[in-house]
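Just so it is clear, the structure is predicted and the values come from calculations on it, not from any experiment. Note that the numbering runs from 1 along the sequence shown for the chain.
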Amino acid sequence: MKLREILTAPNQLTLLRMIFLPFIVINLVKHDFKWALVLFVLAGLSDGLDGLLARKLHQQTLLGQYLDPIADKLLLSTMFLVLSIEYRNVIPWKYTVIVFSRDISILLISGVLFMIAGLRDFRPSIFGKANTFAQVAAIFFALLLLVWVSIALKTFLRATFAFTILSAVHYAFLVQHRLRAHAPASEPGTRT
């Protein structure tokens with residue numbers, strides 16, 4: 001591998017996608033879903049852009065052929081794992097187990113075929129691409145759900161706080177008003 005391969009724009013974007021991953025996870029664990037979603041979308045855009053640049057700039061490299069699917073699997077598998085651990089009502093474990101089982105199987109089979117037969121051509125099939133799209137969409141909508149739930153929860157907690165205070169103050173004024181209206185009229189000549 002030559003340094004020139006690492007420095008190509010597509011490979012730099014792939015490495016950037018891998019760098020985004022810990023920051024996405026940190027934001028998820030901190031419950032900062034908006035930043036997790038933003039970083040995940042940027043990672044997804046970098047995935048599409050690196051392939052486009054590789055073709056347009058004629059910078060397809062052997063390193064990129066290995067690095068791109070590794071970055072994809074690392075990102076998606078980690079996201080499924082973290083979401084299943086932290087938010088199992090959003091991503092149930094059975095989906096994470098399926099994703100990991102498939103990816104580990106592919107990596108093991110690819111490694112064995114490379115060692116035994118020297119096979120290096122592991123281009124994704126149409127179903128593999130559909131699977132990646134489905135996984136990206138599932139993670140995107142899971143994060144979007146967490147963002148909306150977080151916004152809705154904060155909004156209604158703030159509304160609860162405000163309306164609880166307002167209704168308590170209003171109730172105090174109503175009681176005071178009703179007590180005045182209900183008080184017997186004072187007789188002439190008596191002091192109150």
Just by modelled atom types, is the [Y] backbone N or O under 3.5 Å from a matching donor or acceptor in the [X] side chain?
X: T14; Y: D68; value: no
X: R55; Y: G51; value: yes
X: N27; Y: F23; value: yes

Might you point out which heavy atoms bring [X] and [Y] nearest each other, and give the distance in Å?
X: L53; Y: A9; value: CD1-CB, 4.3 Å
X: A71; Y: R17; value: CB-NH2, 3.5 Å
X: S105; Y: S101; value: OG-O, 2.7 Å
X: F140; Y: F40; value: N-CE2, 3.9 Å
X: P92; Y: S84; value: O-OG, 3.8 Å
X: G64; Y: P69; value: O-CD, 4.1 Å

Not counting sequence neighbours, which residues clear ring pair (Phe, Tyr, Trp, His ring centres under 6.0 Å) with F33? List them please.
->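 Ring pair (Phe, Tyr, Trp, His ring centres under 6.0 Å) check on F33 returns H31, Y87.
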List for me each residue that meets ring pair (Phe, Tyr, Trp, His ring centres under 6.0 Å) alongside H170, sequence neighbours excluded, and say none if there are none.
-> none
To the nearest 0.5 Å, how far apart are [atom1] in [X] and [atom2] in [Y]?
X: L42; Y: I24; atom1: CG; atom2: CD1; value: 8.5 Å
X: Q60; Y: N11; atom1: CD; atom2: CG; value: 10.5 Å
X: R158; Y: F163; atom1: CZ; atom2: CZ; value: 14.0 Å
X: L28; Y: L83; atom1: CG; atom2: CG; value: 5.5 Å
X: L174; Y: R178; atom1: CG; atom2: CZ; value: 5.0 Å

Min side-chain heavy-atom separation [X]-[Y] under 4.5 Å:
X: V38; Y: W35; answer: yes
X: V99; Y: Q135; answer: yes
X: I106; Y: R102; answer: yes
X: I91; Y: M79; answer: no
X: I26; Y: D32; answer: no

Could you check L74, L76, L75 and say which one makes a side-chain contact (heavy atoms from CB on, under 4.5 Å) with T78?
-> L74
Is the CD1 atom of I165 crowded by more than 12 outside heavy atoms at less than 6.0 Å?
->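 Yes - once you tally the heavy atoms of other residues, nucleotides and ligands closer than 6.0 Å, there are more than 12.
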Hydrophobic cluster membership, [X] vs [Y], 4.5 Å side-chain cutoff:
X: L179; Y: Y171; result: yes
X: L67; Y: L45; result: yes
X: V112; Y: I70; result: no
X: I151; Y: F141; result: yes
X: L49; Y: I19; result: yes

How far apart are the C-alpha atoms of V90 and L143, what are their side-chain angles, what is the distance that settles it, and do they pass the side-chain contact (heavy atoms from CB on, under 4.5 Å) test?
-> CA-CA 9 Å; V90 176; L143 291 173; over 6 Å; no
List, by chain and number, the other hydrophobic cluster members for [X], where Ile, Leu, Val, Met, Phe, Trp and Tyr join if side-chain heavy atoms come within less than 4.5 Å, directly or indirectly.
X: L107; value: none
X: L153; value: L157
X: L108; value: L81, I85, W93, F100, I104

Taking side-chain hydrogen bond (donor to acceptor under 3.5 Å, both in side chains) as the test, write out the residues that go with S46, two or more places apart.
->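 Checked S46 against side-chain hydrogen bond (donor to acceptor under 3.5 Å, both in side chains); zero matches.
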